[in-house]
Amino acid sequence: MTEIASHRGGAQVWPENSPTAFRETARLPVEQVEFDVHPSRDGRLVVHHDATLDRTTSGTGPLCDHDWADLARLTLKGTQAERMLLLEEVIEIFRPTPILLRLEIKPGVGMVRYPGLEAKIMACLADHGMLDRTVITAFPVETLAEVRRHGNPRGLIWLVARPILLLAGGLPTVIEVARRYDVPRLGLHEADLDKDAVATVRGAGLGIGGWAAHEDEAIRRMFALGVDVFTTDRPDRAVAIRAAG
Ligand code: FE
């Protein structure tokens, strides 16, 4: 069965990565909840998409320039004065559910990786007994290699950015890199997925998923292609479309 991942907690239905989004996602028959993690200046693990605060919060500037005590005072745009959550808080929302965490490890401003973030996240997941309930994703493949050095999460997915796919000149080179880094599954933009792409990746012994399938047409195509999993800002539509068969 093709699994559904509620992207940033269902970003077109509720304010992305917000407490409301996660609480509502927790009630849906989806298999995964996707969210992103950055470190605060004092080393707390903060669930937020952008490296900067401006788009989604009442704050400004890079998230990692602020201590958690300051970040906790900011409100998330589009919410009733909700604040950002820590990784450990998202864990507690989903612990009573069967939903897996799909945790994206983000780079900072300018796509520069945060030193030591992978180790910190893996330690937090281990402390909370969530390693076997968490799939780690990242666009920089080096992030996944670093994750591997700190433990064994339930899964690892390399998110292949479209410019990387172009730069590589196609899937065979991407597959070679995935093998070199021992990454068992790729995630491609929904528009880069067709029967041939799915067959090529599966033929190489790797799993294949999609991301950014937000429109009904794209959601239907993910089910028709039979990818392992896909992320969507419309988990409500994905659930309805899957239920309709
Ligand atoms: Fe993400």
Side-chain angles (χ1 to χ4, degrees), residues 3-19 21-22 24-25 28 30-39 45-57 62-64 76-78 84-87 89-91 93-94 99-114 117-118 121-122 124-125 130 133-144 146-147 153-165 183 185-193 208-214 218-219 222 227-235 238:
E3 298 190 340
I4 300 167
S6 178
H7 185 236
R8 303 183 206 167
Q12 288 185 31
V13 194
W14 305 290
E16 65 180 59
N17 285 327
S18 67
F22 293 128
E24 294 297 327
T25 286
L28 290 177
V30 297
E31 287 72 33
Q32 300 185 9
V33 58
E34 195 270 356
F35 57 88
D36 316 279
V37 175
H38 295 262
L45 300 171
V46 184
V47 175
H48 188 255
H49 179 270
D50 297 1
T52 54
L53 298 164
D54 306 62
R55 181 177 62 88
T56 56
T57 80
L63 185 152
C64 68
L76 285 167
K77 289 180 185 172
M84 288 179 273
L85 294 176
L86 294 167
L87 172 56
E89 293 174 316
V90 174
I91 285 172
I93 292 173
F94 288 95
I99 297 172
L100 299 181
L101 309 182
R102 176 173 166 134
L103 189 163
E104 181 178 351
I105 302 183
K106 282 292 192 194
V109 174
M111 298 295 284
V112 179
R113 286 166 53 211
Y114 299 106
L117 178 58
E118 297 89 351
I121 288 172
M122 292 296 281
C124 177
L125 293 171
M130 292 299 277
R133 285 192 52 186
T134 305
V135 176
I136 305 277
T137 76
F139 282 99
V141 70
E142 297 83 3
T143 298
L144 300 176
E146 185 62 21
V147 165
R154 184 183 185 106
L156 289 174
I157 300 178
W158 179 23
L159 303 171
V160 182
R162 307 190 74 185
I164 296 289
L165 189 57
V183 176
R185 182 178 285 178
L186 301 181
L188 264 59
H189 189 281
E190 58 85 10
D192 293 328
L193 281 169
I208 180 73
W211 47 272
H214 307 315
I219 292 169
M222 294 302 103
V227 295
D228 302 330
V229 59
F230 65 92
T231 65
T232 178
D233 284 350
R234 292 298 308 265

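Since we're looking at a predicted model, the values are computed, not measured. Both ligands and their constituent atoms are indexed starting at 1 by order of listing. Computed from heavy atoms alone, side chains included, the values below leave out hydrogens, waters and symmetry copies. Nothing fancy with the numbering, it's 1 onward along the sequence.
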(request) Starting from the Fe ion (ligand 1), look over the N/O/S atoms of D36 and name the nearest one. (result) OD1
(request) Could you tell me whether the side chain of K77 and the main chain of P15 form a donor-acceptor pair under 3.5 Å? (result) no
(request) Could you tell me which N, O or S atom of E104 is nearest to the Fe ion (ligand 1)? (result) OE1
(message) Quick one: does any side-chain atom of T232 pair with a main-chain N or O of A213 as donor and acceptor, under 3.5 Å?
(response) yes
(message) Of all the N, O or S atoms in E34, which has the shortest distance to the Fe ion (ligand 1)?
(response) OE2
(request) Check whether any side-chain heavy atom of Y114 sits under 4.5 Å from a side-chain heavy atom of H38, and report yes or no. (result) yes
(message) Between the side chains of E3 and R102, is the shortest nitrogen-to-carboxylate-oxygen separation below 4.0 Å, so that they form an ion pair?
(response) no
